[in-house]
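Each ligand, and each atom within it, is numbered from 1 in the order the structure gives.
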Amino acid sequence: LTIFAGRLCEEQFCSVDNDARLCKENENIDHRRSSLYVKETNERYEKYLVAIRNAEQNHEECNNTKHECFKSVIARDLRPFREKGVSEEMIEAARTRGTFYQIIKGKLYREKDCMFPARCAGIEHFLLKIVGNLSDMDLVINTRDYPQSSEYFGNAMPIFSFSKTPQYYDIMYPAWAFWEGGPAISLYPRGLGRWDQHRKSLNKASLEIPWEKKESRGFFRGSRTNSERDNLILLSRNKPHLVDAQYTKNQAWKSNEDTLHATPASEVSLESHCTYKYLFNFRGVAASFRYKHLFLCRSLVFHVGDEWMEFYYYAMKPWIHYIPVPKNADQKELEDLIEFARNNDDLSKKIAHRGRDFIWNNLRMSDVTYFWKQLLKSYGKLVVYEPVLKKDLINIKKE
Ligand code: UDP
């Protein structure tokens with residue numbers, strides 16, 4: 001009856017000739033329903049609103065022009081080596097797990113072979129900028145995705161890795177992909193890199209599509225490097241009005257099974273991500289390079305999982321710079337978070353812009369170089385022996 005009456009009113013049949021009393025009753029029901037809806041939605045969102053309020057109360061934005069933002073990461077990662085220092089024996093034990101470098105009298109040397117030459121080049125780009133001011137040291141730099149020194153397997157090994165979870169002793173360094181050697185996809189056939197250029201192109205793209213013009217939907221494009229991504233892909237298939245998330249091929253792709261039983265989607269440039277308000281980031285094998293780019297769209301970043309880190313992640317705070325999403329969030333929870341963002345547009349915009357400003361102001365190429373310099377200065381102080389140039393190393397020079 002109510003629905004019938006509702007339809008009558010909607011269709012503007014509420015004339016005196018029709019049953020006006022019925023329509024009035026229906027209006028009341030509609031009103032009660034909508035207040036109930038608002039109450040329910042507020043209750044549903046209350047936990048998110050409280051989380052934002054609490055985060056804002058306790059937050060003070062760091063300022064990297066004073067080099068404040070990433071200092072604590074260096075101290076934290078070097079802590080396991082502080083007491084005994086870094087000995088030659090420790091380096092020898094670690095050598096098989098990474099590429100061996102030496103810095104001797106302001107020059108950079110490397111073992112001849114590098115497992116991933118473009119990654120070594122991406123690392124050396126920064127090392128060559130700072131090598132002149134560093135003390136002599138040996139370095140084992142892991143160019144694989146995965147960290148190498150787990151706290152579950154023996155003592156801490158002095159190995160540098162770009163990404164890790166708190167269960168690893170690896171010392172985090174800025175990934176090669178800030179310069180070159182990132183994943184090669186059809187849009188970036190020479191591999192994702194040149195953060196300096198992406199900063200500019202993403203900034204331009206974000207200015208061309210301001211918040212109000214963005215689509216109020218979630219977005220993700222990437223390959224199935226981790227099944228933690230599946231629930232968002234499934235939500236996208238069930239509720240495409242909320243999110244467009246699809247799997248692309250990667251080099252390991254063999255059949256549609258690798259794209260969760262669907263034809264692989266075409267790749268989408270990072271700049272085109274800026275069309276959407278809500279951009280999802282997931283870990284891959286380790287942390288995903290996509291993360292820093294998403295912020296520069298001035299879109300709201302939904303960061304799934306909190307274990308996999310790069311050096312700059314610690315300085316970014318949940319609910320301040322991004323929306324944190326539990327790694328095992330089911331479709332309902334993902335839906336709730338997207339709906340929350342849609343229904344709280346001003347808040348969403350505020351967080352999006354804070355995240356963007358953080359990356360724009362604090363993660364410049366000069367910040368990356370500075371981090372490398374501080375990291376190796378601090379590491380150099382822990383070296384407890386006199387490194388001697390080894391035979392068979394090659395001198396790495398600026399191109
Ligand atoms: N990527 C992209 N557009 C796409 C798919 C991927 O720009 O349509 C980029 C993305 O920035 C990421 C990289 O390609 O850094 C590799 O993405 P993928 O999902 O394959 O692997 P991930 O490194 O995230 O595990």
Side-chain angles (χ1 to χ4, degrees), residues 116 118-119 122 142-147 161-165 174-206 215 217-234 236 243-254 256-260 262-276 278-297 299 301-310 312-313 322 325 327 355-356 359 363:
F116 302 103
R119 295 185 182 188
N142 169 31
T143 55
R144 293 186 183 96
D145 292 332
Y146 218 73
S161 291
F162 93 92
S163 166
K164 67 167 178 174
T165 68
W176 50 85
F178 277 101
W179 185 251
E180 68 173 286
I185 62 170
S186 63
L187 296 166
Y188 312 110
R190 300 195 59 233
L192 187 67
R194 293 306 301 261
W195 173 236
D196 54 335
Q197 293 175 359
H198 267 118
R199 276 173 58 90
K200 288 189 197 133
S201 61
L202 285 163
N203 191 48
K204 185 164 172 279
S206 77
E215 256 192 67
R217 283 203 294 164
F219 186 78
F220 176 80
R221 271 305 173 284
S223 64
R224 195 170 180 240
T225 48
N226 200 294
S227 59
E228 278 175 25
R229 303 171 173 193
D230 287 1
N231 278 340
L232 190 75
I233 306 293
L234 294 172
S236 164
V243 56
D244 174 355
Q246 297 180 55
Y247 277 138
T248 56
K249 270 186 191 177
N250 63 19
Q251 282 156 354
W253 188 89
K254 291 199 181 64
N256 284 358
E257 212 175 305
D258 297 325
T259 28
L260 210 57
T263 315
S266 315
E267 286 156 358
V268 173
S269 75
L270 289 158
E271 289 77 10
S272 300
H273 284 53
C274 299
T275 316
Y276 299 86
Y278 320 122
L279 299 179
F280 277 80
N281 184 61
F282 296 87
R283 64 164 289 201
V285 176
S288 172
F289 296 137
R290 138 190 318 100
Y291 191 48
K292 57 186 177 295
H293 300 89
L294 303 181
F295 289 98
L296 292 190
C297 273
S299 296
V301 174
F302 284 61
H303 180 43
V304 185
D306 61 0
E307 294 160 321
W308 286 89
M309 299 282 188
E310 287 187 54
Y312 64 93
Y313 282 32
Y322 61 88
V325 183
K327 69 172 181 181
R356 181 266 171 195
I359 293 288
L363 200 63

Does anything in residues 183-195 form a side-chain hydrogen bond (donor to acceptor under 3.5 Å, both in side chains)? List the pairs, not counting sequence neighbours. S186-E267, R194-D196
Within the heavy-atom cut-off of under 4.0 Å, ligand 1 is lined by P183, I185, Y188, L192, R221, G222, S223, T225, R229, T248, E267, V268, L270, G284, S288, F289, R290
Could you list the residues that satisfy salt bridge (charged side-chain N to carboxylate O under 4.0 Å, His left out) with K164, not counting sequence neighbours? D77
Taking only residues two or more places apart in sequence or in another chain, which ones pass salt bridge (charged side-chain N to carboxylate O under 4.0 Å, His left out) with D230? R224
S223 versus W253, side-chain donor and acceptor atoms under 3.5 Å: no
For atom CG of D145, is the number of surrounding heavy atoms from other residues, nucleotides or ligands below 6.0 Å larger than 12? yes
Can the ring centres of F220 and F302 be said to be less than 6.0 Å apart? no
